[in-house]
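I have placed the structure first, in the form of C-alpha cells, so that the comments after it can refer back to it.
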Amino acid sequence: MRTHRLLLIAFPVALCLSGCLNPFAPGLDTSPAESSCDPTNIDGIFHCFQNAYTFRDTTAYGLLIKGDFIFVYRDYDVGIDITWGRDEEMRLTYGLFQNSQKLDLIWNNYVTRTETDTSATAVRSFNLTVTYNPSSIDRVDGYANITFARHKKTDPWKIMLWRDESNY
C-alpha cells in the first residue's frame with residue numbers, strides 16, 4: 001500500500017519534470033521584436049500612420065504631426081480649399097478615433113515620391129473604412145499628397161503638409 005501511494009505521488013512529479021510538450025502552451029519567444037513602424041524612413045512613417053489609425057491612438061498619431069502642420073482639402077461645393085493646423089487636426093482625429101468602432105486604413109501604391117535628407121513628398125493612394133457601428137460604415141478612397149520634413153537624416157520624419165485628394 002505504501003508503495004502504491006509513493007507511485008501515485010512520484011508518477012505525476014516525474015511526468016512534470018520529464019519535459020512533456022504541451023501544444024497548448026508553446027515556449028516563450030525570446031527573439032527580438034521587429035517593427036516596420038520606423039518614422040526615420042518614408043515607408044515606416046506610413047506604417048506608423050496606419051498603426052495609429054488601426055489602434056485609434058492619438059498619442060502615436062500626434063508624434064507624426066509637425067508643430068506647424070497644415071491640412072488641406074478641396075470643398076468642391078463652394079470651389080475653395082479648406083485648411084487647418086495641427087491643433088484642429090488633433091481635435092478632429094481624436095473625435096474620429098473616439099466615435100468609431102474600427103478604422104481600416106490601407107496604403108496602396110505610390111503615385112510619386114521624392115526625397116532628400118531633410119524633405120520628402122509622397123502622393124499615395126489609400127482606402128479608409130470607418131465603422132461607426134455595424135449599420136453605419138463610411139468608405140473613403142483617394143490620394144494623400146503628403147510633405148514630410150526633418151532637421152537631419154537621423155531624425156524621424158514629421159508630416160508637415162497633407163493635401164487630401166479623396167472622393168469623400
How long is the span from the [atom1] atom in [X] to the [atom2] atom in [Y], to the nearest 0.5 Å?
X: I82; Y: D75; atom1: CD1; atom2: CG; result: 5.0 Å
X: K102; Y: N133; atom1: NZ; atom2: CG; result: 14.0 Å
X: R139; Y: D104; atom1: CZ; atom2: CG; result: 9.5 Å
X: I106; Y: D141; atom1: CD1; atom2: CG; result: 9.5 Å
X: E115; Y: N41; atom1: CD; atom2: CG; result: 8.0 Å
X: T93; Y: D57; atom1: OG1; atom2: CG; result: 11.5 Å

(request) Run the numbers on D164 and F71 for side-chain contact (heavy atoms from CB on, under 4.5 Å), then give the verdict. (result) CA-CA 8 Å; D164 182 58; F71 180 87; 3.5 Å; yes
(request) Would you please indicate yes or no on a ring centroid separation below 6.0 angstrom for F49 and W162? (result) yes
Could you pull out the closest heavy-atom pair between [X] and [Y], with the gap in Å?
X: D117; Y: K153; result: OD1-CD, 3.8 Å
X: A120; Y: I42; result: CB-CD1, 3.7 Å
X: I146; Y: W107; result: CD1-CH2, 4.4 Å
X: H47; Y: C37; result: CD2-N, 3.7 Å
X: A149; Y: M160; result: CB-SD, 4.0 Å

Side chains of [X] and [Y]: closer than 4.5 Å at any heavy-atom pair?
X: K158; Y: P39; result: no
X: V130; Y: L96; result: yes
X: Y61; Y: R56; result: no
X: F69; Y: L161; result: no

(request) Please name all residues satisfying salt bridge (Lys or Arg N to Asp or Glu O under 4.0 Å) with D77, sequence neighbours left out, ordered by chain then number. (result)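 So D77 forms no salt bridge (Lys or Arg N to Asp or Glu O under 4.0 Å) with any residue.
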(message) Going by the rule ring-ring contact (aromatic ring centres under 6.0 Å, His included), which residues pair with Y73 if we only count those two or more places apart in sequence or in a different chain?
(response)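 So Y73 forms a ring-ring contact (aromatic ring centres under 6.0 Å, His included) with W84.
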Hey, quick one: are [X] and [Y] part of the same hydrophobic cluster, counting side-chain heavy atoms closer than 4.5 Å, chains of contacts allowed?
X: I159; Y: L63; result: no
X: Y143; Y: L128; result: no
X: M90; Y: L105; result: yes
X: L92; Y: Y132; result: yes
X: L103; Y: L64; result: yes

(request) Give a yes or no on this: more than 12 heavy atoms of other residues, nucleotides or ligands lie within 6.0 Å of atom CZ of F97. (result) yes
With a 4.0 Å cut-off on N to O distance, would you call [X] and [Y] a salt bridge?
X: R163; Y: D81; result: yes
X: R113; Y: D43; result: yes
X: R91; Y: E88; result: yes

(request) Please say whether the positively charged group of R124, taken as NZ for Lys or CZ for Arg, lies over the ring of Y110, i.e. under 6.0 angstrom from the six-membered ring centre and within 45 degrees of the axis. (result) yes
(message) For T129 and I137: C-alpha separation, side-chain torsions, deciding distance, then whether side-chain contact (heavy atoms from CB on, under 4.5 Å) applies.
(response) CA-CA 7 Å; T129 303; I137 300 172; 3.6 Å; yes
(message) Name the residue from Y53, F126, F148 that meets the ring pair (Phe, Tyr, Trp, His ring centres under 6.0 Å) definition with F46.
(response)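 The single option meeting the ring pair (Phe, Tyr, Trp, His ring centres under 6.0 Å) with F46 is F148.
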(message) Under a plain distance cut-off of 3.5 Å, with no hydrogens placed, do N127 and N108 share a side-chain donor-acceptor pair?
(response)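 Side chains of N108 and N127: pair found under 3.5 Å.
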(message) I'd like to know if the side chain of R150 and the backbone of D155 have a donor-acceptor N/O pair within less than 3.5 Å.
(response)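 Yes, the answer is positive, given that a donor and an acceptor are paired below the 3.5 Å cut-off.
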(request) Let me know which of V111, N145, V72 forms a side chain to side chain contact (heavy atoms under 4.5 Å, CB included) with E165. (result) N145
